[in-house]
Amino acid sequence: MSEKSDYIRKNIEDTHKATESSRIRKTGLTDRKVKLNSKNFDKLMKQRGLSKQERNELKKSNVQGAEMQVRHAKAGEQFVTTHGMERSSGIFVSEKSLGKTPGERINNGVLPHSNTAEYETKVELICNQNVVYGKIAAQSKFEKMDPKQQPRNGGGEQVITNGGYNSGAIRTNDTKYPVPANQAIMQRVNEHKAQHGIKTSSRNNLNWNAASHSRLKFGGQSR
């Protein structure tokens, strides 16, 4: 009977710890995922500077009725961000790939038409932070805005960081980035110059490299 009582008491303690860990910015945070209710979600996002409208829109980006979770992640943990020529905002990342092809990643991740999803880049957390997990909901407005009308049914898992690149929450941890995007940009520029008989100089190439790198470094997309 004593062993059973100890077992029950331990379960109660674990439950209390998990509940307490979802109360934002309190001690005893856990690196395990715990349920995040709507009230605590609002509290966390309000602390991050989001307005009521922004908080509501963010909640709508998750499948309605699906459970959101939160956990205390450590600096150095790695995630994946999906992007086109310019990097993503880094606010929304995932633990694994959203799909094998750009079309699959756009569909599963419900990416806006500005994000062409050719690239997947490893990023890592710069600091300890609470990250929120949710299941991505379909958004027909992105499909309507897309000239190709690609489907955006959702279903992938999204992880919401504490503000992405701009807030210093994450950084790129991929030796390949941004070389593939930079090479693709240069190829298009050289093809355009060749088509219009524009002379290409090494100096111009260097200047374009610097400009394109700046855009890749500081440009952002909505996901």
Side-chain angles (χ1 to χ4, degrees), residues 33 36 45 54 57-71 73 76-126 129 131-167 169-188 212-213 215-223:
K33 296 177 187 177
L36 181 67
M45 295 305 159
E54 289 169 334
E57 289 177 354
L58 190 52
K59 274 192 275 193
K60 288 179 182 177
S61 74
N62 290 278
V63 173
Q64 300 304 298
E67 182 179 274
M68 285 190 294
Q69 297 176 302
V70 64
R71 74 179 183 88
E77 288 191 38
Q78 294 189 354
F79 295 89
V80 176
T81 180
T82 304
H83 58 97
M85 290 298 182
E86 295 185 355
R87 75 179 188 185
S88 65
S89 67
I91 295 173
F92 300 93
V93 297
S94 54
E95 287 192 334
K96 58 184 180 180
S97 173
L98 291 172
K100 294 181 180 179
T101 66
E104 287 182 5
R105 295 192 284 271
I106 288 170
N107 184 37
N108 297 332
V110 188
L111 303 177
H113 70 281
S114 58
N115 188 337
T116 48
E118 291 99 340
Y119 305 100
E120 294 182 293
T121 298
K122 290 180 182 178
V123 297
E124 69 177 20
L125 303 184
I126 295 177
Q129 59 192 272
V131 295
V132 176
Y133 290 77
K135 188 175 182 180
I136 305 170
Q139 292 195 41
S140 58
K141 66 177 182 180
F142 285 163
E143 186 174 336
K144 293 176 181 177
M145 293 168 65
D146 183 359
K148 297 181 179 179
Q149 301 287 289
Q150 295 182 91
R152 285 164 169 80
N153 296 316
E157 181 186 66
Q158 69 180 5
V159 182
I160 305 173
T161 66
N162 188 11
Y165 288 106
N166 289 341
S167 73
I170 67 168
R171 63 185 166 204
T172 299
N173 186 26
D174 195 330
T175 56
K176 300 188 298 298
Y177 182 80
V179 174
N182 194 24
Q183 286 178 342
I185 290 171
M186 285 304 302
Q187 182 179 354
R188 291 207 321 241
S212 61
H213 179 73
R215 283 194 292 276
L216 288 166
K217 185 175 181 182
F218 298 108
Q221 296 170 346
S222 59
R223 291 189 74 81

Work out which heavy atom in V110 is nearest to a heavy atom in A138; give both atom names and the distance. CG2-CA, 4.2 Å
Is a donor on one side and an acceptor on the other found under 3.5 Å between the side chain of N115 and the backbone of T82? yes
In Å, rounded to the nearest 0.5 Å, how long is the span from OH of Y119 to CE of M85? 4.5 Å
Cut-off 3.5 Å, side chains only: do N162 and Q129 have a donor facing an acceptor? no
Is there side-chain contact between F79 and E95, with heavy atoms separated by less than 4.5 Å? yes
Could you list the residues that satisfy side chain to side chain contact (heavy atoms under 4.5 Å, CB included) with S167, not counting sequence neighbours? A169
Minimum heavy-atom separation for S97 to G99, with atom names? OG-O, 2.8 Å
Looking just at side-chain N and O atoms, do T172 and Y165 make a donor-acceptor pair shorter than 3.5 Å? yes
Taken to the nearest 0.5 Å, the spacing of K122 NZ from Q78 CD works out to 6.0 Å
Distance, nearest 0.5 Å, that separates NE2 of H113 from CD of Q150: 11.5 Å
In chain order, what residues pass the salt bridge (charged side-chain N to carboxylate O under 4.0 Å, His left out) check against K59, with sequence neighbours excluded? D42
Output for pair (I160 CD1, L58 CG), nearest 0.5 Å, gives 4.0 Å
Is any side-chain heavy atom of R71 less than 4.5 Å from a side-chain heavy atom of V131? yes
Out of curiosity, I170 CD1 to E77 CD, how far, rounded to the nearest 0.5 Å? 13.0 Å
Any L36 side-chain heavy atom under 4.5 Å of Q69 side chain: no
L98 backbone acceptor or donor facing N108 side chain under 3.5 Å: yes
Report the distance from atom CD1 of I106 to atom CD of E104, rounding to the nearest 0.5 Å. 11.0 Å
Polar side-chain atom of T121 near backbone of D174 as donor-acceptor pair, under 3.5 Å: no
Looking only at non-hydrogen atoms, find the nearest pair between N62 and Q158 and report the distance. OD1-NE2, 3.4 Å
For residues 133-160, pull every pair meeting salt bridge (charged side-chain N to carboxylate O under 4.0 Å, His left out), keeping only residues two or more places apart or in separate chains. K33-E157, D146-R152
Might you point out which heavy atoms bring G84 and T116 nearest each other, and give the distance in Å? CA-OG1, 3.3 Å
